[in-house]
2 protein chains.
Amino acid sequence: MQKAHHPELGEIALTEVMGALSDPIRVGLVRVLADGRERGWGQLRAPVAKSTLSHHLRVLRDAGLTRTRQEGTRCYVTLRRDDLQARFPGLLQVVLSAMEIDDVGSQVGLRDGADP
Amino acid sequence: MQKAHHPELGEIALTEVMGALSDPIRVGLVRVLADGRERGWGQLRAPVAKSTLSHHLRVLRDAGLTRTRQEGTRCYVTLRRDDLQARFPGLLQVVLSAMEIDDVGSQVGLRDGADP
DNA sequence: TTCGATGTTCGTGAAACGTCGAACAAGCTA
DNA sequence: TAGCTTGTTCGACGTTTCACGAACATCGAA
């Protein structure tokens, strides 16, 4: 496990963000993280193999949507709300609303036992 | 040339919209159409072969972002601003702003002679 | 009717994507 | 030390995407 790359604020590209949000699993992950709380990798529940989940989290990270922090063998993920707001004002908010409207990504959630 | 399929308002899917906006050429096309005016196919200028341009316009159409109208052998394209606003309020506006910020899609424009 | 202009469709190829299981690396724990 | 847990990485596979030129269909003009 090596240190993950996170794009700087100014490096966040719109087309990458859009591409990252073009997959239901990833949209679901963003929805789960939408409340701004940090979540452990293990708390995330998605109907894919763990290698696939790792891949999707990487895409989100590379696009600048999330930040991953490592602690021992565990990882914690957060949505980069402030950075996104600074880079593309209003985008995240509106996209989160759109996710609700379309109810996309609802197959992703938190493992039982995670606090709401 | 057969009649193109346009998704209904309620059929417009967020992930498809996002996917459609994950390509610089298509973002550029949306920017060109952002003022709400109808544009002829021939007015559009993009650094790709015409078959490729046709492909991109199809992706935009299938995603519900644009509407294509046929008149004789010519096609006219418009952005479905009202439909998008109804389906995902605020999304288009915010994305258009983000396009400006990132200056993505500026390689696409109008052919000389088209009124601003 | 013949010609030219206009887009779409087809065939192709290269690249990217989503998915999986297996293998791996790194750090706790016993 | 050995073993377990956690997540990443590595092929492999099939699908999708983007790109092009060529062929085609359709309509208007000559």
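Below, read A as the first sequence line, B as the second, and so on, with proteins coming before strands; counting in each chain starts at 1. Just so we're clear, the structure is a prediction, and the values are computed from it rather than from any experiment.
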request  = Using whole Å, report how far NE2 of A:His55 lies from C1' of D:dT8.
outcome  = 13 Å
query = Within the pair B:Trp41 and C:dT8, is there a side-chain N or O less than 4.0 Å away from OP1 or OP2?
reply = yes
query = Whole-Å distance between D:dT6 C1' and A:Leu44 CG?
reply = 13 Å
request  = Could you check A:Ser51 against A:Gly19 and say which one's nearest nucleotide on DNA chain C is further toward the 5' end?
outcome  = A:Gly19
task = Mind running a 4.0 Å heavy-atom check of residues 20-32 of chain B against DNA chain C and sending the residues that fall below it, in number order?
result = none
query = When the distance from CG of A:Leu53 to C1' of D:dT9 is rounded to whole Å, what number comes out?
reply = 15 Å
request  = Sort out for me which residue in A:Arg80, A:Arg74, A:Arg81, A:Arg69 forms a salt bridge (charged side-chain N to carboxylate O under 4.0 Å, His left out) with A:Glu38.
outcome  = A:Arg69
ask   = In Å, rounded to the nearest 0.5 Å, how long is the span from CE of B:Met18 to CZ of A:Arg26?
value = 12.0 Å
Same cluster (ILVMFWY, side-chain, under 4.5 Å), A:Val104 and B:Leu9 = no
note = Atom CZ of A:Arg69 and atom C1' of D:dG7 are separated, to the nearest Å, by 15 Å
ask   = Could you give the CD-to-C1' distance, from B:Gln70 to C:dT9, as a whole number of Å?
value = 14 Å
inquiry  = Does A:Arg58 form a salt bridge (Lys or Arg N to Asp or Glu O under 4.0 Å) with A:Asp62? I'd like the steps, not just the answer.
reply    = CA-CA 6 Å; A:Arg58 179 201 231 288; A:Asp62 288 352; 2.7 Å; yes
Phosphate-side-chain proximity, A:His56 and C:dC17, N/O vs OP1/OP2 below 4.0 Å = no
request  = Answer with base, sugar-phosphate or nothing: what part of the nucleic acid does B:Val48 contact at a heavy-atom distance below 4.0 Å?
outcome  = sugar-phosphate
inquiry  = I need the CZ-C1' distance between B:Arg61 and C:dG7, as an integer number of Å.
reply    = 11 Å
key: D:dC20 phosphate, OP1 or OP2, under 4.0 Å from B:Thr52 side-chain N/O   = yes
Under 4.0 angstrom between B:Ser54 side-chain N/O and C:dT8 OP1 or OP2 = yes
ask   = Is it true that A:Arg31 and A:Asp103 have a side-chain N and a carboxylate O under 4.0 angstrom from each other?
value = yes
ask   = The side chain of B:Thr73 lies closest to which of these nucleotides: D:dC27, C:dA26, C:dC20?
value = D:dC27
key: Least distance between heavy atoms, B:Pro89 atom then A:Val94 atom   = O-CG2, 4.0 Å
message = I need the CD-C1' distance between A:Glu71 and C:dA26, as an integer number of Å.
response = 15 Å
request  = Provide, to the nearest angstrom, the distance between the CG atom belonging to B:Leu57 and the C1' atom belonging to C:dT6.
outcome  = 13 Å
inquiry  = I'd like to check the side-chain contact (heavy atoms from CB on, under 4.5 Å) partners of A:Val108; sequence neighbours left out, ordered by chain and number.
reply    = A:Ile25, A:Leu29, A:Val32, A:Ala46
